[in-house]
> 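Quick one: this structure, given as structure tokens, is what I'll be asking you about.
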Amino acid sequence: MLTSTVCVALSAAGLAIALLTAYRKRYLAAVRTAAFALLPVGLYMTGLVTLGSKVGKAVGSWASDLVFKPSVWAGFGVLAVSVVLYAGSRFAAGRRKEKGRGRGAAAVAPASAAPALPKSKRAQATSDLSDFSDVEEILKRRGI
């Protein structure tokens, strides 16, 4: 009962402000204010206000259990162990992939860091990357 009264009062006050804003010929701001003013009544009519109070009570109950029940602390410990095990397995899998490449390719020569291009293309690629004279010229012209 009190909740509905508060929601209706908030909406009425917001709509009054929207009317005053519209009276000042600020229609866009008035429409935005009216949209926000209708939220409390809409939330009450859909039952979301009471849902919010139930969620608040549930969070409060959980918080009091967190403080006073050792089983909740043990649960956090189990969650922490779970996270550490998962992160450790991800780390170990990454290291295993790096080492696994060396095992299968024992008879093959190690691959170089450069891509396998023909020598002429490889030389052309390095010369293209090292030739920045045109870029340097543009920068000098612009004073950079």
Side-chain angles (χ1 to χ4, degrees), residues 1-105 110-144:
M1 184 70 157
L2 181 63
T3 306
S4 64
T5 306
V6 169
C7 288
V8 169
L10 283 172
S11 289
L15 288 174
I17 292 170
L19 285 173
L20 290 173
T21 307
Y23 180 73
R24 294 180 188 158
K25 308 257 190 248
R26 298 180 61 205
Y27 298 113
L28 188 61
V31 170
R32 287 184 189 144
T33 305
F36 282 113
L38 292 174
L39 284 177
V41 170
L43 290 174
Y44 175 74
M45 291 174 74
T46 57
L48 292 174
V49 174
T50 55
L51 177 68
S53 69
K54 289 178 184 176
V55 168
K57 287 178 185 176
V59 168
S61 173
W62 176 81
S64 67
D65 287 347
L66 173 67
V67 173
F68 296 117
K69 285 189 178 178
S71 63
V72 176
W73 287 101
F76 276 115
V78 170
L79 289 174
V81 167
S82 172
V83 168
V84 167
L85 287 173
Y86 181 74
S89 69
R90 296 287 294 188
F91 180 72
R95 292 185 54 95
R96 175 180 249 181
K97 285 180 184 176
E98 290 173 5
K99 288 183 179 179
R101 291 180 186 155
R103 268 190 233 154
S112 65
L117 295 174
K119 291 190 180 202
S120 63
K121 287 186 180 179
R122 187 180 302 162
Q124 181 183 4
T126 56
S127 68
D128 287 344
L129 292 177
S130 63
D131 187 28
F132 285 110
S133 61
D134 54 344
V135 174
E136 290 175 0
E137 180 184 335
I138 293 170
L139 290 175
K140 285 180 184 177
R141 273 191 276 150
R142 306 236 176 190
I144 300 176

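Only this structure's heavy atoms are used, side chains among them; waters, hydrogens and symmetry mates stay out. All figures in this text were calculated on a predicted structure; none of them were measured in a lab.
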> Looking at Tyr86, is its backbone amide N or carbonyl O close enough to the side chain of Ser89 to form a donor-acceptor pair, meaning the two atoms are under 3.5 Å apart?
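Yes; at least one donor-acceptor contact below 3.5 Å.
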> What is the distance from atom NZ of Lys69 to atom OG of Ser64, rounded to the nearest 0.5 Å?
8.0 Å
> Report the distance from atom CG of Leu19 to atom OG1 of Thr33, rounding to the nearest 0.5 Å.
10.5 Å
> Using every non-hydrogen atom in the two residues, find where Tyr27 and Ala22 come nearest and quote the distance to one decimal.
CE2-O, 3.6 Å
> So does Arg141 have more than 12 non-hydrogen atoms from other groups sitting under 6.0 Å from CZ?
yes
> Measuring from atom CG of Leu10 to atom CG of Leu38, what distance do you get when rounded to the nearest 0.5 angstrom?
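Rounded to the nearest 0.5 Å, the CG-CG separation comes out at 12.0 Å.
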> Roughly how far apart are Leu20 CG and Leu15 CG, rounded to 0.5 Å?
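These two atoms lie 11.0 Å from each other.
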> Under 3.5 Å, side-chain donor or acceptor atoms of residues 48-62 against the rest of the protein: list the pairs with distances, not counting sequence neighbours.
{"residue": "Thr50", "atom": "OG1", "partner": "Gly47", "partner atom": "O", "Å": "2.9"}
{"residue": "Ser53", "atom": "OG", "partner": "Thr50", "partner atom": "O", "Å": "2.7"}

> For Val67 and Trp73, work out which heavy atoms get closest and say how close.
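Between these two residues, the closest heavy atoms are O-NE1, 4.2 Å.
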> Pair Leu66, Phe76 - check side-chain contact (heavy atoms from CB on, under 4.5 Å), show working.
CA-CA 10 Å; Leu66 173 67; Phe76 276 115; 3.1 Å; yes
> Indicate the atoms forming the closest heavy-atom contact of Ala18 with Ala30, along with that distance.
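Scanning both residues, the minimum pair turns out to be O-CB, 3.4 Å.
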> Could you tell me whether a side-chain N or O of Ser82 sits under 3.5 Å from a main-chain N or O of Val78, the two making a donor and an acceptor?
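Flag not set: sc Ser82 to bb Val78 has no pair under 3.5 Å.
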